[in-house]
Amino acid sequence: MEPLGKHMLRAELESFFDILEERRQSSDISHALRTFSAQPYHEATPPSVKALNRMVLESQFLRYVIAEVAAESGEPPECVKEEAAGILDKMAQNLQLSFIRLLGFSLSKIFKRLFRSIWVNEDGLARLQQAIQEHPVILMPNHRSYIDFLVLSYIMFTYDLSIPVIAAGIPLMGMSLIGEIFRRSGAFFIRRSIGSDKLYWAVLSEYVRTIVRTGFAPVEFYVEGLRSRTLKSLTPKLGLMQMVLEPFFKGEVYDVLLVPVSISYDRVLEETLLAHELLGVPKPKETTTGLLKARKVLEDDYGCMHVCFGKPVSARALAQGRVNRGQFNLVPRGLPLNASAELQEFVNGVAHLLVRLQEKNMVLSPWSLMTFTLLQSPQGVDWDQLTHKTLWLRTLALRFGAHLNWPAQLADSEVMSDSLALHHSIACREKGRVQLVEEVGPGPVTQEEAVFRKASAVLMCASYRNQALHVFTRPALVALAMTTAASPRKEDVFRRFCFLQELFANELIFIPGHAVQDFEEGCDGLQQCGALTITDQTLRVTEEEQDAIIFLTAILQPFIETYEVVCRILCEERFQTFSEKSFLSSVRDAVIKLLISGEVRSYECLSSNTQKNVLWALLRMGAVSKSRVAEQNEYRVSKAAVRRIWETLGGRVTPQVMSYSRL
Amino acid sequence: MFLKIIHACKTSKRKVQLSFCCMRSILSLSLSLSLSLSYFFFPFRHDIMKWNGWGYSDSRFLFNKKGQAEFTGKRYRLSGLILPSLKDWFEGTFGANLQHKSPATPALNVSAVPPPNLNESFVEELKAAGVALSQEPEDRVFRSHGHCLHEIFALREGRISRVPDLVVWPSCHNDVVKIVELACKHNVCLIPYGGGTSVSSALECPPEETRSIVSLDTSQMNRILWIDEKNLTAHVEAGIIGQDLERQLNESGYCTGHEPDSMEFSSLGGWVATRASGMKKNIYGNIEDLVVHIKMVTPRGVIEKSCQGPRMSTGPDIHHFIMGSEGTLGVVTEVTMKIRPVPEYQKYGSIVFPNFQQGVACLREVAKQRCAPASIRLMDNEQFQFGHALKPQVSSIFTSFLDGLKKFYITKFKGFDPHHLCVATLLFEGDREKVLQHEKQVYDIAAKFGGLAAGEDNGQRGYMLTFVIAYLRDLGMDYYVIGESFETSVPWDRVLDLCRNVKERIVRECKERGVQFPPLSTCRVTQTYDAGACVYFYFAFNYRGLSDPIHVYENVEHAAREEILANGGSLSHHHGVGKLRKEWMKEAVSTVGLGMLKSVKEYVDPSNIFGNRNLL
């Protein structure tokens with residue numbers, strides 16, 4: 001079978017326009033108050049909020065679930081129904097054009113202050129306009145900053161496109177006033193952890209499906225589930241993904257069009273906050289006062305923002321030959337859907353594909369490329385060398401199909417100094433050497449604090465590298481597999497590659513079941529830059545381009561090191577059973593010690609995000625088991641299994657079972 | 001003079017029972033006259049019917065010299081009338097042009113017909129038994145096809161593929177017994193032929209069949225054997241054609257009420273073999289409800305029940321092995337059917353709805369209240385416009401003024417959008433008082449769904465459309481337009497979704513496959529049931545610029561069927577499976593189900609004498 005979305009994963013050059021340009025030249029008020037006439041899907045007129053909510057509450061699905069919940073809990077059905085109505089009230093959006101106008105006005109002001117420009121691909125908008133009229137549209141942006149929450153609505157308002165209904169996290173709603181403004185701008189609110197709350201799940205899913213079914217507005221949601229703290233794509237969540245696809249599976253709509261939207265920033269507002277969160281400093285609660293206090297961020301320069309609307313992906317085209325839609329013929333469509341394994345796999349594949357498309361369309365800044373070299377030289381690097389390496393990397397990135405925002409009209413060195421200046425909070429140039437900037441705080445500091453400050457700088461820098469990581473992932477993984485495989489035979493390298501893919505499945509985005517294509521893509525990339533030749537099913541590194549292999553391998557080194565160190569810590573005696581919380585704090589303490597003693601070199605090992613990913617990976621691979629004890633997840637380590645994975649990672653043991661036959 | 005006699009014989013439909021030998025001797029007198037002579041002896045319908053199109057030779061649509069459409073002949077209400085708006089509709093809908101013609105081959109090229117592959121000893125014994133037969137190319141070609149688009153298209157182009165090698169005309173049950181016996185003895189393949197209106201490739205000769213293929217034409221078994229007024233049943237030979245059966249029963253004051261759209265040409269045996277459905281099933285039931293007793297001749301012998309009890313609990317109903325067997329098990333020879341007194345009063349009606357959704361909701365409610373009239377059908381907007389294009393020239397200024405007024409009332413006063421509104425057509429039957437009462441009930445329900453009564457005339461025209469639509473396809477084919485209809489049945493809650501998705505799928509598939517003009521993709525709900533409805537799709541497109549239009553057509557129809565199945569529709573409501581939809585049978589009835597059917601076939605017909613290869 002042809003891999004999911006095979007032809008879609010090619011980047012294309014599109015022309016971008018700066019939407020702030022016009023805002024700087026004409027009045028924001030008249031922009032906000034202009035006539036707004038969007039062409040909706042199938043001439044669907046938006047139902048009133050009341051009517052929509054009634055449709056949801058009176059749906060066969062909800063009636064069924066309410067009866068079921070009532071029977072299980074012993075509560076009278078009316079109470080359960082009331083509860084459902086309460087949930088819905090708390091959840092529902094209340095999109096009003098007047099608030100969009102208000103938002104349009106204030107965002108114009110804010111954006112102009114923060115950004116030099118907001119670049120949008122107009123071709124993408126034209127395609128979107130077409131798509132909205134044909135089928136229900138799902139907007140699937142990545143989520144890197146609070147700022148991107150309403151940016152699509154703003155753009156769509158500017159371009160006369162139907163204002164989307166947006167899935168938002170409950171914490172946003174908690175912000176007094178702001179929550180209500182968001183609600184009236186089309187946001188609906190979802191609890192973070194729904195768990196096994198059947199009623200909540202039912203209300204949410206029926207609500208989303210009803211919106212898709214009626215198609216009066218595009219639905220916007222973050223398939224990654226939450227804001228990425230690392231600026232790296234997150235493994236997609238499947239709940240909402242399945243909900244928006246269901247109306248298509250059940251034939252209630254002809255098709256659903258999924259539009260990947262890639263938002264990228266030259267500089268992310270929350271960069272310091274993100275690094276702190278990764279180091280375990282709790283995130284400040286979203287409050288309105290907090291927001292007001294954050295005003296000072298408005299005074300800084302954040303460069304450009306890029307929004308790229310990808311080509312709409314037809315759910316129908318993806319499902320062709322993969323999903324038997326007839327499977328829903330025998331049960332009323334209003335009843336809860338027990339997704340078959342086939343269907344779950346499909347939904348998972350689609351979600352991953354969309355994240356990959358977000359990655360592909362992402363516009364990368366020169367700074368992102370510079371960080372690769374910066375991170376590989378912890379002691380700092382000469383400006384000339386940084387320039388040299390970054391330009392080399394630029395060629396490589398373009399070969400691998402990356403979208404770069406590298407101004408052609410400026411000299412390369414100017415572009416780079418500009419970038420460096422923009423990121424003065426992360427790195428600085430002194431006497432021709434570029435170094436990471438450590439946070440200044442009251443001294444004297446303890447050893448731990450020093451580690452912490454250093455790590456904070458590294459993690460901040462790493463997050464910009466992460467923005468561009470996906471460009472190099474596959475070639476780097478092949479390079480890594482080659483250096484540790486049992487032999488240079490393609491078969492062995494592929495086996496090694498598969499092991500690494502499985503291990504890093506939470507870290508990097510791979511479409512499930514695409515190992516062969518990923519491997520081929522990686523090999524192609526390496527061959528293109530002349531670092532690899534394949535003869536007689538044997539992979540060989542060319543002498544001249546050995547540096548490329550070393551460089552690519554080094555990109556993944558911080559992750560490898562983290563995985564190794566966590567495995568090592570888990571193999572220690574004291575770990576038997578633990579909770580996630582105790583896991584994180586023990587690992588952090590242990591890593592700090594190892595960093596001080598010099599046994600661990602990369603400060604990225606302190607990223608709690610990566611540490612958690614190791615845990616999930618081990619769980620997935622069966623080396624750790626999870627059980628529910630007293631309302632809490634309890635993890636249990638199988639030391640032998642962890643040790644085996646650890647050793648395999650280090651190349652001391654060859655991975656087992658992976659079959660090469662599909663290649 | 002001679003021709004006149006022939007004509008007289010044909011129209012009198014008198015049965016001439018002649019032994020084969022006698023006929024043969026006359027035939028040998030003059031070979032050149034053989035064709036006409038064989039007509040002389042048998043009142044075949046095929047001399048008054050088209051050999052490469054639908055229906056009667058004298059009835060056809062054409063564009064006259066003025067470019068106006070007219071319908072020839074005298075048989076239908078539309079016959080002899082000018083249809084002023086058809087041309088605009090035709091050109092506008094399909095992007096067709098009267099300058100671009102694609103005429104059919106005028107006559108059958110006999111030399112293109114492959115010579116018969118005869119099983120001599122079978123033929124000899126058959127002759128000895130006195131069964132009428134023919135190996136004339138015309139006779140064989142006529143029985144080599146149904147009315148699928150690809151079949152008619154090939155005929156129009158003069159392409160002939162595998163045809164039966166011999167045609168036999170049994171005149172009674174015992175003839176059939178004899179023929180089947182001989183077929184088994186000599187291992188020839190039998191394909192039963194009734195009215196020839198199949199739209200499932202059921203009559204196509206399997207190209208892989210190496211034995212001699214014999215078409216068993218039941219048309220001479222067309223008598224009503226008895227009428228039982230006490231039990232209200234009639235015992236009829238299975239070859240009788242629908243309209244003849246109704247007419248003859250009407251003469252005695254009865255009817256079966258079974259009126260499939262093909263009833264002018266389809267046969268009772270064909271109805272049984274395909275599980276046919278009639279327009280007025282709401283009163284009279286479908287074929288399975290109408291049949292009391294069936295006699296079928298199989299290679300294993302004759303199958304029939306021992307009594308005419310109205311319902312039995314004697315294991316699975318053996319009638320249900322027969323109904324829908326599509327000629328794979330044997331020949332239905334005689335059927336006892338329920339009959340009813342001819343209804344006292346009939347009234348057509350129509351309702352306009354603001355949109356299709358409202359219309360479907362109304363039909364659902366009517367079904368829920370179980371008050372459906374004899375027939376209730378809902379056309380979508382495209383079909384409503386199509387129906388409008390078939391309005392004959394208005395005779396008086398007054399009628400045209402009235403039409404204008406109606407249009408004004410509906411579109412301006414009531415605010416119906418002419419591009420969304422749709423029409424339901426109704427037919428009520430029964431005694432006058434009850435009909436009027438029933439009518440009121442239905443119109444009251446309709447009003448709740450925004451429906452407005454739109455007159456008897458519109459209703460009647462709607463039903464007429466069904467009878468002439470097949471003629472219209474022939475007109476289309478003269479101007480590069482090909483089309484077909486297909487049907488399904490589907491639960492109520494999926495009707496709207498299925499209609500929308502299938503129509504959309506057709507449009508998109510056409511575009512993807514290079515069809516230059518947007519297709520006509522339209523549907524109607526033609527039957528209501530407690531738990532669902534029957535939906536009929538019409539699909540046609542202009543094929544100019546396509547090198548293999550039939551291939552494109554078949555691909556689109558295939559995709560449309562996939563879409564139907566994915567949306568919870570059935571493989572067929574009444575057209576049957578034939579060879580056209582065989583590939584989905586396993587999916588439709590499960591592997592075990594198919595195995596059951598196969599094991600019946602295995603037992604009844606181990607040598608595959610009835611080798612049309614339908615269904616299984």
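Being a predicted model, the structure only gives us computed values, none of them experimental. Note on naming: letters A, B, ... go to the chains in the order of the sequence lines (proteins, then strands), and numbering restarts at 1 for each one.
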- Just wondering, more than 12 heavy atoms not from D548(B) lying within 6.0 Å of its CG? yes
- Can you name the nearest heavy-atom pair linking N567(B) to N329(A), along with the distance? C-OD1, 4.0 Å
- Message: Would you say CD of E345(A) has more than 12 non-hydrogen atoms from neighbouring residues, nucleotides or ligands within 6.0 angstrom?
- Response: no
- Query: Do the non-hydrogen side-chain atoms of K250(A) and D497(B) ever get within less than 4.5 Å of each other?
  - Reply: no
- Item | Heavy-atom contact with chain A under 4.5 Å, split by part of R508(B) | side chain
- Message: Return the CZ to CD distance between R325(A) and E563(B), rounded to the nearest 0.5 Å.
- Response: 4.0 Å
- Query: Is the backbone N or O of D493(B) less than 3.5 Å from a side-chain atom of R333(A), with the two atoms forming a donor-acceptor pair by type?
  - Reply: yes
- Any donor-acceptor pair under 3.5 Å linking the side chain of R500(B) with the backbone of E252(A)? yes
- Message: Counting neighbours of NE2 on H551(B) that are heavy atoms of other residues, nucleotides or ligands and sit closer than 6.0 Å, is the number greater than 12?
- Response: no
- Message: If I measure from the heavy atoms of chain B, does E134(A) come under 4.5 Å with its side chain, its backbone, both, or neither?
- Response: side chain
- Could you tell me whether the side chain of R505(B) reaches within less than 4.5 Å of the side chain of R316(A), counting heavy atoms only? yes
